[in-house]
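Below, all heavy atoms of this structure are taken into account, side chains as well, without hydrogens, waters or symmetry copies. Order of the sequence lines fixes the chain letters, A, B, ..., with proteins taken first and strands second; residue numbering starts at 1 for each chain. Remember, it's a predicted structure, so these values are computed and weren't measured experimentally.
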There are 2 protein chains.
Amino acid sequence: MKPNKATMADVAERAGVSAATVARVIYKNGYVKDETRQVVEAAVKLTGYRPNMVARGLRTSRSFTLGMVVSESNLNTFAAAVAHVIQIEALKSGYTVFTLNNHSDPAMEARGMQRFLDHHVDAIIFCTAIDPANVRLGHRSGVPTVQVERLVAQVGGLVGVDPADGMRQTIDHLFDLGHRKFAYIGGDVDSSRMESSLGEAIEATRERVFIDNLARYDIHVPPAYIRRGPYYQSHGAGRQTGYRLMKDILSLTPRPTAVVCGSDLLAAAALQAIAEAGLTVPTDLSITGYDDTLADILTPALSSIAQPIGELGRLAVEIALAAINDPAAPLPKVTVPTRLVLRDSTGPARL
Amino acid sequence: MKPNKATMADVAERAGVSAATVARVIYKNGYVKDETRQVVEAAVKLTGYRPNMVARGLRTSRSFTLGMVVSESNLNTFAAAVAHVIQIEALKSGYTVFTLNNHSDPAMEARGMQRFLDHHVDAIIFCTAIDPANVRLGHRSGVPTVQVERLVAQVGGLVGVDPADGMRQTIDHLFDLGHRKFAYIGGDVDSSRMESSLGEAIEATRERVFIDNLARYDIHVPPAYIRRGPYYQSHGAGRQTGYRLMKDILSLTPRPTAVVCGSDLLAAAALQAIAEAGLTVPTDLSITGYDDTLADILTPALSSIAQPIGELGRLAVEIALAAINDPAAPLPKVTVPTRLVLRDSTGPARL
DNA sequence: CTGAAAGCGCTAACAC
DNA sequence: GTGTTAGCGCTTTCAG
């Protein structure tokens with residue numbers, strides 16, 4: 001049973017008009033006599049007509065689709081959350097989105113990009129690209145691109161995140177609680193995966209902002225107190241990175257009283273190491289996360305630096321659509337702020 | 001710069017043949033003289049020709065796209081994981097997938113479905129549909145549908161999950177550890193969202209299997225020891241469901257020594273309530289999760305019932321593609337098993 | 001073995 | 001105001 005097969009011609013016939021008139025009614029284009037409009041609308045309703053986006057796409061070279069590349073491990077709920085918002089926003093604007101997970105594999109991402117191009121998507125949003133070459137490919141093919149959170153190639157639009165506010169609030173908060181010895185657990189930078197001309201990766205920025213804010217209080221963090229590792233460990237590959245890095249930190253003398261983490265996942269695994277060492281958060285040690293995704297469901301619930309997910313997604317779609325509607329205009333690079341969300345993982349420093 | 005704009009006609013011209021011949025070469029259809037093939041292939045390479053899937057779709061009424069509806073809250077990493085696998089599998093088979101998150105809202109899901117149909121997707125996979133009407137709509141429109149994990153409408157294919165094995169292992173394990181007093185925390189069933197003729201919702205099945213397995217040991221669970229609530233609380237809406245339900249359970253006399261949860265997220269929030277009560281897992285209380293997604297990163301890491309995510313995704317795509325290639329064949333309903341993954345949240349019962 | 005021609009469903013000039 | 005026409009890029013008979 002396939003009732004939705006009514007074509008524009010069918011509607012036209014039913015209404016006793018031409019296809020062109022039907023189109024005019026549907027897209028409210030040229031002038032149509034009011035009476036005619038009624039008839040056509042009735043015919044549309046009657047036949048259950050729905051425009052064929054494929055045919056429309058061929059004719060107009062506008063597919064009304066967006067390609068979205070996400071880099072979302074099972075536990076990277078941040079990227080997932082942004083992706084959700086993007087889908088909703090796109091939907092609102094009449095766009096449907098192709099999603100592709102690059103699984104942190106440049107080759108996979110490349111294949112997906114090619115698919116997007118083959119399907120003539122109107123724009124591509126990278127919810128963090130893994131390989132600059134892929135962003136450039138999109139750009140080179142004349143498809144507007146928007147990079148979210150992480151800039152890997154100096155083309156197209158960007159919706160960046162500024163960790164400064166959140167980090168400042170975090171350091172202020174911890175300092176006020178009496179903390180003077182800090183450590184940092186962060187994601188490591190694969191600099192091969194961004195264009196060298198771009199300067200700092202976001203991981204480096206987070207670290208720098210951490211250090212700078214402590215410097216305001218004349219606190220200097222020795223290199224040994226800053227540890228880095230991969231954001232994700234594939235499922236079943238044993239403990240996540242933060243576990244190992246926290247163990248390293250716990251073996252340091254003197255032991256820090258506050259540990260700032262570059263993601264909630266790193267912090268979650270850090271909590272495991274802390275518990276294993278027989279220590280308690282926040283009594284023995286304060287700890288903070290970043291992303292505010294997992295933070296809420298951990299024990300103790302994490303104080304965490306939140307990135308404005310809704311804002312990120314909205315802006316990404318907005319920029320993409322603007323670029324589609326005006327291909328000549330340059331794509332903007334915008335930045336959104338972060339803020340600390342307080343929960344239960346931070347407390348007075350144990351002296 | 002738009003180099004990828006070479007059309008089939010361009011290639012044909014370059015090669016000094018007709019478009020029809022180019023098509024034959026590309027899709028290895030009819031006979032083509034070897035020499036001609038060479039020339040055409042060279043022209044393809046030279047022009048960087050890529051088939052236009054939109055035009056192809058119009059002509060063949062096969063869009064080589066799949067629609068995927070996911071019901072994935074930010075913390076529902078299970079659905080996200082299945083969605084990933086589906087994308088990969090589809091990609092392998094030449095399909096690109098439109099993703100839509102229904103955000104647990106039937107109206108949103110309906111809108112997305114309509115988009116999928118407008119774009120003439122070749123099949124639709126529901127990574128748990130929210131409204132049977134939407135599944136039926138797809139089916140009625142002649143688009144093969146596959147439901148994953150949860151069956152809400154008695155049409156199309158199904159890749160179901162059988163909790164029996166995992167639950168049996170869980171109960172055996174806990175019983176062997178000396179546990180005799182059990183409680184259960186599960187997702188509640190919104191029966192308005194499934195067709196009444198279908199029998200049990202998966203939530204009900206999990207509960208039943210829990211009860212039945214305990215009955216094997218002559219253990220009877222009073223109703224007060226079985227609590228239900230919504231799987232997810234939207235971000236910022238306070239503690240997740242499991243927190244409240246666990247608080248309720250902790251106030252019961254006698255207190256159970258083992259609590260089985262219907263999802264890792266419920267268990268995660270339950271851990272928060274347990275910690276708040278000053279109790280320790282697994283010393284004072286054993287607890288198990290379901291999904292094996294968050295399980296790994298919690299403190300303590302959860303023993304959890306794992307559903308075979310890769311298998312689920314693979315089968316869903318397989319069934320969808322089979323239906324596309326043979327629209328007459330009935331869509332199968334298959335079931336995959338579960339198993340317990342042991343970690344640190346289960347221990348000897350405290351007497 | 002290869003080319004010519006028709007047409008998928010829609011839109012955008014251009015007529016009337 | 002409305003109809004006619006000519007394709008968008010591709011596939012698929014049908015001739016040859």
The nucleotide from D/dG9, D/dT2, C/dT11 with an atom nearest the side chain of A/Val32 is D/dT2
Walking DNA chain D from its 5' end, the first of A/Thr21 and B/Arg56 to be reached, judged by nearest nucleotide, is A/Thr21
Query raised in the report: Judged by modelled atom types alone, do B/Arg56 and B/Tyr27 share a side-chain donor-acceptor pair under 3.5 Å?
Result: yes
When rounded to whole Å, the CE to C1' distance for the pair A/Met8 and D/dT5 reads 15 Å
Rounded to whole Å, the OH-P distance (A/Tyr31 to C/dA15) equals 20 Å
Under 4.0 Å, heavy atoms only, any strand: does B/Ser61 hit a base, just the sugar-phosphate, or nothing? nothing
With the side chain defined as heavy atoms from C-beta on, A/Asn52 is closest, among C/dG9, C/dT11, C/dT2, to C/dG9
Taking D/dT12, D/dT2, C/dC1 as options, the one with an atom nearest any side-chain atom of A/Lys33 is D/dT2
Review point. A/His103 vs B/His84 aromatic rings, parallel, tilted or perpendicular, using cut-offs 30° and 60°?
Key: perpendicular
Discussion item. Donor-acceptor check, side chain of B/Asn325 to backbone of B/Leu321, threshold 3.5 angstrom: yes or no?
Written reply: yes
Residue pairs meeting side chain to side chain donor-acceptor pair (under 3.5 Å), one or both in residues 37-46 of chain B, sequence neighbours left out, come to none
### Message
Any side-chain N or O of A/Thr36 below 4.0 angstrom from OP1/OP2 of D/dT2?
### Response
yes
With the side chain defined as heavy atoms from C-beta on, A/Ala20 is closest, among C/dA12, C/dT11, D/dT11, to C/dA12
note: A/Glu35, atom CD; D/dG1, atom C1'; distance rounded to Å ~ 12 Å
Here the distance between atom P of D/dT12 and atom CD1 of B/Ile26, to the nearest Å, is 13 Å
B/Asp10 atom CG is separated from D/dG9 atom P, nearest whole Å, by 9 Å
Among the nucleotides C/dC8, C/dC10, D/dT11, whichever has the atom closest to the side chain of B/Leu58 is C/dC8
Here the distance between atom P of C/dG9 and atom NE2 of B/His120, to the nearest Å, is 8 Å
Closest to the side chain of B/Arg24, out of C/dG3, C/dC10, D/dG3, is C/dG3
Whichever of B/Gly16 and B/Arg59 has the more 5' nearest nucleotide on DNA chain C, that residue is B/Gly16
In whole angstroms, the gap separating C1' of D/dG9 from CD of B/Glu13 amounts to 15 Å
From the candidates C/dT11, D/dG3, D/dC10, the one with an atom nearest any side-chain atom of A/Tyr27 is C/dT11
Here the distance between atom C1' of D/dT11 and atom CZ of B/Arg62, to the nearest Å, is 13 Å
Please classify the nucleic acid contact of B/Val17 as base, sugar-phosphate, or nothing, using heavy-atom distances under 4.0 Å. sugar-phosphate
A/Asn101 side chain to B/Gln87 side chain, donor-acceptor N/O pair below 3.5 angstrom: no
5'-most contact on DNA chain C (nearest-nucleotide basis), B/Arg37 vs A/Tyr49, goes to B/Arg37
- prompt: Between C/dC8 and B/Thr60, is there an OP1 or OP2 to side-chain N/O distance shorter than 4.0 Å?
  reply: no
Donor-acceptor pair between B/Tyr232 and B/Asn76 side chains, under 3.5 angstrom
yes
